[in-house]
Amino acid sequence: MTVLCCVLALALSACSKGDAAGASKSGSLQILNVSYDPTRELYEEVNAAFAKRWKEQSGQDVTIKQSHGGSGKQARSVIDGLEADVVTLALAYDVDAVASAGLIKEGWQARLKDNSAPYTSTIVFLVRKGNPKGIKDWDDLVKEGVAVITPNPKTSGGARWNYLAAWGYELKRAGGDEAKAKDFVGRLFKNVPVLDTGARGSTTTFVERGLGDVLIAWENEALLAVKQSGKDKFEVIVPSISILAEPPVAVVDKVVDRRGTRAAAEAYLAFLSTEEGQRIAVKHFYRPRNPAILAAAESEGVFQKVALFSIDDVFGGWQKAQKTHFSDGGVFDQIYQAGK
Amino acid sequence: MGITVTYLSLLVLVPLSMIFLKTATLQPAEIWAVVTSPRAVASLKMSFSASLIAAGINAVFGVLVAWVLVRYSFPGKSIVDALVDLPFALPTAVGGIALTAIYAQQGWVGRFLYPLGIQSAFSRLGVVIALTFVGLPFVVRTVQPVMEELEVDQEEAAASLGAGRFEIFRRILLPALWPSILTGFAMSFARAFGEYGSVVFISGNMPLKTEITPLVIMTKLEQYDYAGATALALVMLLCSFVLLFLINRLQSWSGARVSSRSPVEAPKPASERPAGARAPGVAS
């Protein structure tokens with residue numbers, strides 16, 4: 001028994017020592033960025049650039065650690081005690097969950113400019129070379145014989161953007177008729193043969209397993225897939241209208257105040273909106289907020305112009321969208337219940 | 001004793017009692033609504049039936065594998081013996097991805113199955129394949145040591161008296177192996193019932209069709225619905241516990257039957273032993 005207690009005590013003290021290292025007085029500090037899956041490469045570059053900038057500004061060495069995973073899973077880890085100084089997640093709904101656990105102050109989304117989303121993305125289609133099914137826009141996805149690959153909105157934040165983008169398209173076309181939008185999304189999901197749990201899983205299903213005619217994906221993921229597997233295999237199709245995906249960032253107040261890392265954490269998030277930060281975002285196929293840099297990237301052909309609607313405009317924010325569409329018994333469940 | 005209890009409490013009892021506590025934040029009617037919702041019921045049926053089938057397949061083929069490993073020697077036997085444990089060692093997600101790659105339409109195996117109309121990935125069959133994979137070692141590793149303990153002479157005696165291989169298996173091996181096969185079956189079932197990592201890749205995760213209960217639990221967690229998730233976890237826990245308990249009873253009953261029968265039958269093999277002893281002589 002005593003042996004066990006000793007082992008436990010040792011283990012615990014080892015853990016707490018690791019945590020306390022965050023804000024040492026020796027002029028170096030460490031912050032943890034808890035993010036979602038596809039931002040790994042983006043933040044590797046951002047971190048290096050920011051560390052250099054911070055050294056010049058304050059003379060402090062800063063190391064930024066990264067943690068990646070599904071957006072919802074990451075939010076839960078932070079709620080359950082993962083010591084994140086900043087969270088950079090896929091949806092405001094997940095940051096809201098961290099906030100309602102008391103870790104982030106209310107009104108976090110208004111604290112940084114641009115809705116606390118320094119870079120944006122949108123939802124596009126990835127099709128096989130030559131676009132054999134002639135897919136141009138959302139209404140091509142509900143045609144018979146078109147197999148659509150998208151992850152499950154119940155488990156994947158990215159998939160919720162996909163779903164809401166399709167819904168918003170039909171809603172605009174049908175002049176605000178919710179019943180038509182529901183029918184449209186229902187028919188779209190009839191064409192889905194496999195619902196992966198996450199966006200990367202769906203990409204694998206489409207790219208590696210060769211399943212499906214079209215993959216609904218984040219623009220940055222689609223462009224990356226084309227870049228990695230060559231232009232001779234896939235094409236990116238941008239629909240006539242899509243959703244403005246705003247992956248939000250926020251400082252975790254409770255953690256930075258305790259660890260004394262607030263200044264660095266705030267500067268880190270502000271860095272994302274600087275010209276340098278925005279250019280790095282473009283390199284990783286995220287749309288920058290800076291209009292000049294965005295226009296430059298568009299004229300270089302990195303991004304195509306597309307009409308975008310925001311989740312606040314069409315759905316009244318994430319909380320409402322989540323409740324109506326993805327909660328148990330919500331519209332997504334009804335679609336499958338009806339199609340039984 | 002103190003160490004054992006503390007250890008088990010920290011790792012098993014306290015975490016599992018959290019499931020009961022979290023669930024208790026719901027009213028009984030709410031728990032009932034969660035576990036009887038169409039998706040939950042469909043997924044429980046799916047998980048339960050697929051796990052039973054997978055455990056059944058493992059019971060049959062696990063005994064076969066154990067038999068071959070114990071009774072025969074062939075080149076590369078130790079490699080085959082080590083292969084059995086791979087599903088233990090491998091992260092199940094890796095297993096799931098590999099299985100999906102092989103059984104999907106363009107995979108090595110899938111390309112032969114799909115033309116025959118057998119959809120091997122993204123279907124219920126896919127789930128059974130994944131669950132069979134993760135449960136494979138259990139039957140082999142519980143049956144193997146028992147089989148090693150069995151003397152060969154009874155089998156040889158039976159063979160010399162004209163019993164076929166199947167008869168030897170049914171009359172001599174099976175009664176002795178029955179308890180360990182059941183144990184292996186139960187462990188294989190329990191493992192399959194709770195499996196998540198490998199299945200989500202191969203099942204296609206279609207609500208009401210190929211969705212397993214652990215996935216429904218994950219979807220609830222993804223919506224920060226901890227209480228709903230634990231309510232379903234509680235149902236799984238109870239199902240597994242009842243099954244394991246039943247098999248335990250069955251096992252002690254069959255164990256009692258075997259040992260109560262053996263005194264009666266014991267003289268018989270003893271009297272036949274000379275015949276058994278002669279058998280190898282005849283063979284040589």
Side-chain angles (χ1 to χ4, degrees), chain A residues 1-5 7-8 70-73 75-76 79-80 91 93-94 96-98 100-101 147 149 151-157 159-160 189-190 192-198 200-202 204-205 208-212 322-323 325-330 332-340, chain B residues 1-11 30 33-34 37-40 42 93 96-97 100-107 110-111 114 119 121-123 126 196-197 199-212 214-226 228-229 232:
Chain A
M1 188 65 225
T2 34
V3 178
L4 187 78
C5 286
V7 171
L8 274 177
S71 187
K73 202 185 296 162
R76 272 197 313 284
I79 293 169
D80 290 340
L91 3 135
Y93 181 70
D94 290 327
D96 279 340
V98 181
S100 61
I149 304 295
N152 188 341
K154 287 253 181 182
T155 50
S156 157
R160 276 173 236 169
F189 274 89
K190 281 245 165 61
V192 177
V194 172
L195 282 172
D196 282 287
T197 51
R200 277 277 156 99
S202 274
T204 311
T205 299
E208 308 284 334
R209 313 256 178 281
L211 211 72
Q322 175 77 27
K323 200 152 176 264
H325 293 277
F326 309 119
S327 294
D328 283 350
F332 182 72
D333 278 357
Q334 291 163 24
I335 284 170
Y336 274 96
Q337 235 84 306
K340 201 177 175 182
Chain B
M1 181 63 195
I3 291 180
T4 314
V5 171
T6 316
Y7 181 75
L8 281 178
S9 299
L10 280 175
L11 288 172
E30 289 174 310
V34 167
S37 74
R39 276 182 79 196
I97 290 173
T100 313
I102 289 170
Y103 285 96
Q105 195 154 8
Q106 297 175 336
R111 76 175 64 154
Y114 274 74
Q119 204 193 341
F122 312 122
S123 66
Y196 174 75
V199 182
V200 293
F201 291 100
I202 202 170
S203 73
N205 304 321
M206 302 306 286
L208 303 168
K209 290 200 188 99
T210 59
E211 207 174 38
I212 51 165
L215 179 68
V216 179
I217 294 177
M218 287 305 291
T219 68
K220 295 215 178 286
L221 289 175
E222 213 54 49
Q223 299 162 51
Y224 306 100
D225 179 8
Y226 288 77
L232 270 178

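None of the values given here were measured: they were computed from a predicted structure. Residue numbering restarts at 1 for every chain, and letters A, B, ... go by the order of the sequence lines.
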Heavy-atom distance under 4.5 Å between the side chains of [X] and [Y], does that happen here?
{"X": "B:Tyr224", "Y": "A:Asp94", "result": "yes"}
{"X": "B:Tyr226", "Y": "A:Arg76", "result": "yes"}
{"X": "A:Val194", "Y": "B:Asn205", "result": "no"}
{"X": "B:Pro207", "Y": "A:Asp333", "result": "no"}
{"X": "B:Phe122", "Y": "A:Leu211", "result": "yes"}

### Query
Any idea which heavy atoms bring A:Asn152 and B:Glu211 closest together, and the distance?
ND2-OE2, 4.2 Å
### Residue A:Pro153 versus chain B: region with a heavy atom under 4.5 Å
neither
### Message
Quick check for you: among B:Asp225, B:Leu215, B:Ile97, which has the greatest number of heavy-atom pairs under 4.5 Å with chain A?
### Response
B:Ile97
What part of [X] gets within 4.5 angstrom of chain A, counting heavy atoms only: side chain, backbone, both, or neither?
{"X": "B:Ser203", "answer": "neither"}
{"X": "B:Tyr103", "answer": "neither"}
{"X": "B:Ala101", "answer": "both"}

### Task
Report the C-alpha distance between A:Tyr336 and B:Met206 in whole Å, list the side-chain angles of each, state the deciding distance to 0.1 Å, and finish with yes or no for side-chain contact (heavy atoms from CB on, under 4.5 Å).
CA-CA 9 Å; A:Tyr336 274 96; B:Met206 302 306 286; 3.7 Å; yes
### Summary
The reported gap from OG1 in B:Thr219 to CZ in A:Phe332 (rounded to nearest 0.5 angstrom) is 9.5 Å
## Note on the structure
In this structure, OG1 of B:Thr210 is separated from CG of A:Leu195 (nearest 0.5 Å) by 8.0 Å
### Message
Please identify which of these residues, B:Met218, B:Glu222, B:Gln223, meets the side chain to side chain contact (heavy atoms under 4.5 Å, CB included) condition with A:Lys154.
### Response
B:Gln223
